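The next block holds one structure in the form of structure tokens; read it before the comments.
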Amino acid sequence: QGAAIGELTPATPSRIEATEADWIRSALLHQPSLLRAQAWSAAAAAEAELAGSPVRNGLEAGISAERNGAWSTGPAVSLPLPIFDDGSANRASAAARASAAAHELVRAQRDVIVRTRTAWAEQELATQALARFQSQLLPALLARRARVRAAAEIGELSPTAVLAAEVELLSGQAESLLAEHALRLAQARLVLAAGGNPRTEALAQR
């Protein structure tokens, strides 16, 4: 049973080797929420540009038919009289939508960067925590169990002391498994923050 306990040390989850800047670059390229904001901003900007065109402003086009002996057809274009509508209201509305979309894009970019940096920091902390368990705590508990067993074999300690050392080791291994689980969750959050795919262009090029 003792040997089996000693073999429970978990392996560190494979770590995606990339810098914080790589993850942020990936998030700015692939995060769906940011892509939607970019598309909306581009569409609003195009609408504002069209609304500012004097040809586009209030233009109506179609086909007219006239009869002068025989029916004839041809293109027809009508423009509103400026005295009634100079298009300023339409331009102002389109400009307001473009401005709002641009501000929303900036906010979305900031949110993506903050989420990615936070997820990156959580992954780094979780990695360090698991490394401490595996490089310091578990080896110390294994060594303590070995010393207690050796002392019990020569009668210096009771079987109860051996049992206590086994329980301590099991408790340490359970904490290490929890630390491994925390690291996997942190990695998953980082991948989602960067666009939902760990093999994004920015990371794959490393």
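Fair warning: this is a prediction, and the values are worked out from it, not measured in the lab.
- Taking the side chain as every heavy atom from C-beta outward, Trp120 and Gln123 approach each other to under 4.5 Å.
- Between Ser176 and Leu137, the closest side-chain pair of non-hydrogen atoms is not below 4.5 Å.
- Separation of atoms OG1 (Thr127) and CZ (Arg132) is listed at 10.5 Å; rounding is to 0.5 Å.
- To the nearest 0.5 angstrom, Arg25 atom CZ is 10.5 Å from His30 atom NE2.
- Taking the charged nitrogens against the carboxylate oxygens, Arg149 and Glu153 have no contact shorter than 4.0 Å, which rules out a salt bridge.
- Gln173 places a side-chain heavy atom less than 4.5 Å from the side chain of Leu138.
- Residues Arg115 and Val112 have side chains in contact (heavy-atom distance under 4.5 Å, counting atoms from C-beta outward).
- Listed for the Glu122 side chain is no donor-acceptor partner under 3.5 Å among the backbone atoms of Ala182.
- At least one donor-acceptor pair under 3.5 Å links the side chain of Ser26 to the backbone N or O of Ala194.
- Taking all atoms of both residues into account, the shortest heavy-atom contact from Arg145 to Leu169 is NH1-CD2, 3.3 Å.
- Between Phe133 and Leu141 there is no side-chain heavy-atom pair separated by less than 4.5 Å.
- Contacts of Ala94 classified as side chain to side chain contact (heavy atoms under 4.5 Å, CB included), with partners at least two apart in sequence or in another chain: Glu47, Ala48, Ala51, Arg97.
- Taken from CD in Glu168 to CG in Leu163, the straight-line distance is 10.5 Å, to the nearest 0.5 Å.
- For Leu105, the side chain to side chain contact (heavy atoms under 4.5 Å, CB included) criterion is met by Leu34, Ala37, Gln38, Ser41, Gln109, not counting sequence neighbours.
- Annotation: the span from Ile24 atom CD1 to Leu29 atom CG amounts to 12.0 Å, rounded to 0.5 Å.
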| Thr19 vs Asp22, side chain to side chain donor-acceptor pair (under 3.5 Å): CA-CA, chis, key distance, verdict | CA-CA 5 Å; Thr19 66; Asp22 290 326; 3.0 Å; yes
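- Here the CZ-CD distance, from Arg184 to Gln187, works out to 7.0 Å after rounding to the nearest 0.5 Å.
- Between Leu183 atom CG and Leu190 atom CG the span is 10.5 Å, to the nearest 0.5 Å.
- The backbone N or O of Val167 sits nowhere less than 3.5 Å from a side-chain atom of Ser171 that would complete a donor-acceptor pair.
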